[in-house]
Amino acid sequence: MMQEVLRTLPMMADLIGGHMADLLAGVRSVADWAKRLKPSVLAEARYAFDAYMKGDTEPMKDFLRRCLRLWPVLEDHCQALAVAMFERAWEQEADLTDDQSVRRVLVRYARQGCDSERDHQIRGASIGYIPEGWEQRDTVPGPEDLVIPRLVPWAQQFETAPVRYVAGQLNEQEQALVRAWSENHPLTWPKASDLVQQDEAQGERARRKLHRLGKEWRRRENHRQELP
């Protein structure tokens, strides 16, 4: 009996192995079929571009995020990629039948906008974007903003010590002139003088006095720091 069972084992193993092979082949065929049904990166790029040209930016943002794996998605990316899709020069650099090749080239073009995220910097510090849905606070002055100018002299309203010192050394006329010049950038000194109905020469005198007072404050500060 045992011998009969042993003789049938290879046949059963072959049967099970063949059945598993058929199952795996079926899985592979389904995966290949699903892969063939999935749109190519090129097709999705063209769909996103068509929608973007019609004013719908969401498909473009979704394509950049999901297919090109860019994050965060900036409007600069959308614009740069739309220009590239319109000009079509990128098609000469990619194998349009290969998703990886198309993705690699489109990522590079998306980052080459004339106003890319690398341009949004000041002295190396990145400047963030205002997120969608963010609401700007009301710019109407509140009660505190209206009371402070009445109670605190203009020269004492500054947070920076050297500015408070310099402004405090100016007389009333000079303060009016300097305030007109500082609050109306890029107003020139002659125009600031005219704005407060003062002689143009007064503007030049105020400018020189500001420089002199600034040097005086630095000299006083350096002397104070040298004291034991």
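These numbers were taken from a predicted model, which means no experiment stands behind them.
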Asks: Any side-chain heavy atom of Arg111 within less than 4.5 Å of one from Leu70?
Replies: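 Arg111 reaches Leu70 side chain to side chain.
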Asks: Which residues satisfy the side chain to side chain contact (heavy atoms under 4.5 Å, CB included) test with Glu87, sequence neighbours excluded?
Replies: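 Partners of Glu87 under the side chain to side chain contact (heavy atoms under 4.5 Å, CB included) test: Val83.
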Asks: Identify whether the distance between the nearest side-chain nitrogen and carboxylate oxygen of Arg212 and Glu216 falls below 4.0 Å.
Replies: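 Looking at Glu216 together with Arg212, the answer is no, because their closest N to O distance does not fall below 4.0 Å.
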Asks: Looking at CG of Asp194 and OG1 of Thr188, how far apart are the two atoms once the value is rounded to the nearest 0.5 Å?
Replies: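 Answer for the CG-OG1 pair, Asp194 versus Thr188, is 9.5 Å.
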Asks: Can you check whether Arg108 reaches Trp90 side chain to side chain, under 4.5 Å on heavy atoms?
Replies: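 The answer is no; the side chains never approach within 4.5 Å.
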Asks: Can you tell me how far CD of Gln169 sits from CG of Leu210, rounded to the nearest 0.5 angstrom?
Replies: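 One finds 11.5 Å between CG of Leu210 and CD of Gln169.
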Asks: Kindly indicate whether the side chain of Asp56, heavy atoms from C-beta on, has any atom under 4.5 Å from the side chain of Lys54.
Replies: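 Result no, sub-4.5 Å side-chain heavy-atom pair not found.
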Asks: Report yes if the side chains of Phe49 and Phe63 come closer than 4.5 Å at any heavy-atom pair, otherwise no.
Replies: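 Heavy-atom side-chain distance check fails, nothing below 4.5 Å.
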Asks: Is it the case that Gln79 and Tyr52 place a side-chain donor and acceptor less than 3.5 Å from each other?
Replies: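 There is no such pair between these side chains.
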Asks: Sorted by first residue and then second, give each ring-ring contact (aromatic ring centres under 6.0 Å, His included) pair with at least one member in residues 186-215; sequence neighbours left out.
Replies: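 Sorted pair list: Trp181-Trp189.
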Asks: State, with a plain yes or no, whether a side-chain heavy atom of Arg66 is found less than 4.5 Å away from one of Glu44.
Replies: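 Yes. Closest side-chain heavy atoms under 4.5 Å.
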Asks: Taking Ser40 for its side chain and Ala43 for its backbone only, find out whether a donor-acceptor pair lies under 3.5 Å.
Replies: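 Here the side-chain-to-backbone pair exists.
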Asks: To the nearest 0.5 angstrom, please state how far the NZ atom of Lys61 sits from the CG atom of Leu74.
Replies: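 Rounded to the nearest 0.5 Å, the NZ-CG separation comes to 10.0 Å.
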Asks: Salt bridge check: are Arg103 and Asp99 linked by an N-O gap of less than 4.0 Å?
Replies: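 No salt bridge links Arg103 with Asp99.
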Asks: Is it true that Arg207 and Glu200 make a salt bridge, defined as a side-chain N closer than 4.0 Å to a carboxylate O?
Replies: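 Salt bridge between Arg207 and Glu200, a charged N being under 4.0 Å from a carboxylate O: no.
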Asks: Around Gln197, counting heavy atoms of other residues, nucleotides and ligands shown, do more than 12 lie under 6.0 Å from its CD?
Replies: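 No, not enclosed.
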Asks: Say whether, by atom type as modelled, one donor and one acceptor occur between the side chain of Ser101 and the main chain of Asp98 under 3.5 angstrom.
Replies: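 Side chain of Ser101 to backbone of Asp98, a donor-acceptor pair under 3.5 Å: no, none is there.
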Asks: Considering residues at least two apart in sequence or located in another chain, which fulfil the side chain to side chain contact (heavy atoms under 4.5 Å, CB included) criterion with Leu187?
Replies: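 Expected list: Asn184, Lys191, Ala192, Leu195.
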Asks: Strictly below 4.0 Å, N to O, side chains only: are Glu221 and Arg218 in salt-bridge contact?
Replies: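 The answer is no: the pair does not qualify as a salt bridge.
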Asks: Main chain of Asn171, side chain of Glu174: is a donor-acceptor contact present, judged purely on distance under 3.5 Å?
Replies: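 Such a contact is found between Glu174 side chain and Asn171 backbone.
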Asks: Would you sort out whether Met85 and Tyr109 count as a side-chain contact (heavy atoms from CB on, under 4.5 Å), showing the intermediate values?
Replies: CA-CA 9 Å; Met85 294 293 295; Tyr109 272 85; over 6 Å; no
Asks: Test your reading of the model: is there a side-chain donor-acceptor pair from Gln175 to the backbone of Leu170, 3.5 Å cut-off?
Replies: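 Present.
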Asks: Of Leu64, Leu68, Leu81, Val102, which meets side chain to side chain contact (heavy atoms under 4.5 Å, CB included) against Val107?
Replies: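 Of the listed residues Leu64, Leu68, Leu81, Val102, the side chain to side chain contact (heavy atoms under 4.5 Å, CB included) partner of Val107 is Leu68.
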Asks: Testing the basics here: between Val73 and Arg65, what is the closest heavy-atom pair and its distance to 0.1 Å?
Replies: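 It is CG2-CB, 3.8 Å.
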Asks: In Å and rounded to the nearest 0.5 Å, what is the OG to CZ distance from Ser182 to Arg179?
Replies: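 It is 8.0 Å, given to the nearest 0.5 Å.
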Asks: Donor-acceptor pair, Gln202 side chain versus Ser193 backbone, under 3.5 Å?
Replies: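 The answer is no, because no donor-acceptor pair under 3.5 Å joins these two groups.
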Asks: Which pair of heavy atoms, one from Ala176 and one from Val196, lies closest together, and at what distance?
Replies: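 Answer, listing the atom of Ala176 first, then Val196: O-CG1, 3.7 Å.
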Asks: Looking at Val166 and Gly214, what are the two nearest heavy atoms and their distance?
Replies: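 Here Val166 and Gly214 meet closest at CG2-N, 4.0 Å.
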Asks: Taking a hydrophobic cluster as the set of Ile, Leu, Val, Met, Phe, Trp and Tyr residues connected by side-chain heavy atoms closer than 4.5 Å, whether directly or through intermediates, do Tyr47 and Leu96 fall within one such cluster?
Replies: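 No, it is not one cluster - the side chains of Tyr47 and Leu96 are not joined through contacts under 4.5 Å.
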Asks: What's the spacing between Gln198 CD and Gln173 CD if we round to 0.5 Å?
Replies: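 It comes to 4.5 Å.
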Asks: Hey, does His223 have a side-chain heavy atom less than 4.5 Å from the side chain of Arg219?
Replies: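 No - every pair of side-chain heavy atoms lies 4.5 Å or more apart.
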